Visitor: 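I have a structure here, written as structure tokens, and I will follow up with some questions on it.
This chain uses plain numbering: 1 for the first residue, then up along the sequence. Quick caveat, the model's predicted, so the values are computed rather than measured.
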Amino acid sequence: MDVTPAANSSAAAAGGAAPEFLPEPRRLGTLARLAPEPMKVVLNWGRRYSLWVFNFGLACCAIEFIAASMARHDFIRLGVIPFAPGPRQADLMVVSGTVTDKMAPAVKRLYEQMPEPKYVISFGACSNCGGPYWDSYSVTKGVDQIIPVDVYVPGCPPRPEALLQGILKLQEKIARESLGERYAQGGAARPSAAALRSGLVTPPAPAPAGEEPR
């Protein structure tokens, strides 16, 4: 078990007091517990600029993903390497297209085969919420019903530039993350809605009472 060093051990030897255990997020391995802040910055820098992509192309959004990887948009310049040989070599899964209930178990199985830390971008309206097929008997109402999603890219289909912005948003998230907090077990507080809301989009102000919205 990890315990606080030196002071508590000497106090326990002197007075027989019970050791004080570290909070759960700090008991997740040597790097999460002992690495200084500059080392964490270097580790996150390495992760954000070496994302091997496992593309799960399921419909027309996959064509836009392929366009983003070609010479005109070229997301390799952002440190994103397309078309990993398999899930065990991938860091990032891009789900692009309509996820059906029959395909959902395969998506989840391949996600579980990816090594940690791993990330998911939901690309397009069908992957986000079912899109125009949301009321179909066979379509999953969003890939986040089966696996956790880090970044949502809206559109039907989105432009390749939208995927580039989604990658930049994911890299910003990786740059400021703590793996101890990411993988904390037992009662970890969920982020608030305000914390999850992007600063790029401001909702319209409500219309005054008695006035029709524009």
Side-chain angles (χ1 to χ4, degrees), residues 24-25 28-29 32 44 47-48 50-66 68-69 75 80-158 160 162-174 177-191 193 195-196 198:
E24 186 65 32
L28 298 175
N44 286 345
R47 292 188 186 100
R48 68 190 286 201
S50 61
L51 291 170
W52 283 78
V53 177
F54 185 69
N55 180 32
F56 218 99
L58 298 173
C60 47
C61 288
I63 306 302
E64 303 298 322
F65 170 89
I66 294 170
S69 67
F75 61 37
V80 178
I81 300 93
F83 312 121
R88 292 179 179 85
Q89 290 79 35
D91 308 293
L92 169 63
M93 175 183 282
V94 179
V95 182
S96 48
T98 311
V99 182
T100 62
D101 293 341
K102 189 174 183 178
M103 180 60 72
V107 176
K108 184 175 182 181
R109 185 181 306 115
L110 290 169
Y111 172 80
E112 290 172 347
Q113 291 176 0
M114 293 169 59
E116 299 284 358
K118 52 192 174 184
Y119 309 94
V120 176
I121 290 180
S122 177
F123 186 58
C126 287
S127 178
N128 291 345
C129 62
Y133 314 109
W134 66 271
D135 59 345
S136 171
Y137 71 95
S138 62
V139 171
T140 305
K141 309 301 187 287
V143 72
D144 55 4
Q145 302 290 318
I146 53 174
I147 59 176
V149 174
D150 294 282
V151 174
Y152 296 85
V153 178
C156 185
L163 179 58
L164 296 182
Q165 185 179 14
I167 291 171
L168 292 176
K169 296 294 288 183
L170 177 63
Q171 289 178 334
E172 292 173 9
K173 181 177 181 178
I174 295 172
E177 80 175 351
S178 166
L179 292 185
E181 296 175 359
R182 180 179 176 90
Y183 299 111
Q185 301 294 326
R190 294 177 61 86
L196 295 174
S198 172

Visitor: Roughly how far apart are K118 NZ and D150 CG, rounded to 0.5 Å?
Guide: 11.0 Å

Visitor: Can you confirm if the aromatic rings of F75 and F65 lie within a centre distance of less than 6.0 Å?
Guide: yes

Visitor: Check residues 98-108 and write down every donor-acceptor pair under 3.5 Å in which the side-chain atom is one partner and the other belongs to a residue at least two apart or another chain.
Guide:
residue : atom : partner : partner atom : Å
T100    : OG1  : M103    : N            : 3.2
D101    : OD1  : T140    : N            : 3.4
D101    : OD1  : T140    : OG1          : 2.8

Visitor: Applying ring pair (Phe, Tyr, Trp, His ring centres under 6.0 Å), name anything that partners Y152, two or more places apart in sequence or on another chain.
Guide: none

Visitor: Provide the closest heavy-atom pair for M114 versus A90 in the form atom of the first, atom of the second, distance.
Guide: CE-O, 3.9 Å

Visitor: Just verifying a value: how many Å separate K141 NZ and D135 CG, rounded to the nearest 0.5 Å?
Guide: 7.5 Å

Visitor: With rounding to the nearest 0.5 angstrom, report the CD1 to NZ distance, I174 to K169.
Guide: 13.0 Å

Visitor: Which value, rounded to the nearest 0.5 Å, describes the distance between L51 atom CG and I167 atom CD1?
Guide: 8.0 Å

Visitor: Restricting to non-hydrogen atoms, name the atom on E64 and the atom on P158 that form the minimum distance, rounded to 0.1 Å.
Guide: CG-O, 3.2 Å

Visitor: How long is the straight-line distance from OG of S69 back to CG of L164, given to the nearest 0.5 Å?
Guide: 10.5 Å

Visitor: With no hydrogens and no angle check, is any side-chain donor or acceptor of Q89 less than 3.5 Å from a backbone partner on G86?
Guide: yes

Visitor: Under the side chain to side chain contact (heavy atoms under 4.5 Å, CB included) rule, collect the residues that match up with I81, sequence neighbours excluded.
Guide: W52

Visitor: Can you sort out the partners of N55 under side chain to side chain donor-acceptor pair (under 3.5 Å), two or more places apart, ordered by chain and number?
Guide: S96

Visitor: Pairs of donor and acceptor atoms involving the side chains of residues 121-134, under 3.5 Å and at least two apart or interchain, shall be tabulated with distances.
Guide:
residue : atom : partner : partner atom : Å
S122    : OG   : S127    : O            : 3.3
S122    : OG   : S127    : OG           : 2.8
S122    : OG   : N128    : N            : 3.3
S122    : OG   : N128    : OD1          : 2.6
S127    : OG   : V95     : O            : 3.2
N128    : ND2  : G124    : O            : 3.2
N128    : ND2  : V153    : O            : 3.2

Visitor: Taking only residues two or more places apart in sequence, or in another chain, which ones meet S136 in a side chain to side chain donor-acceptor pair (under 3.5 Å)?
Guide: S138

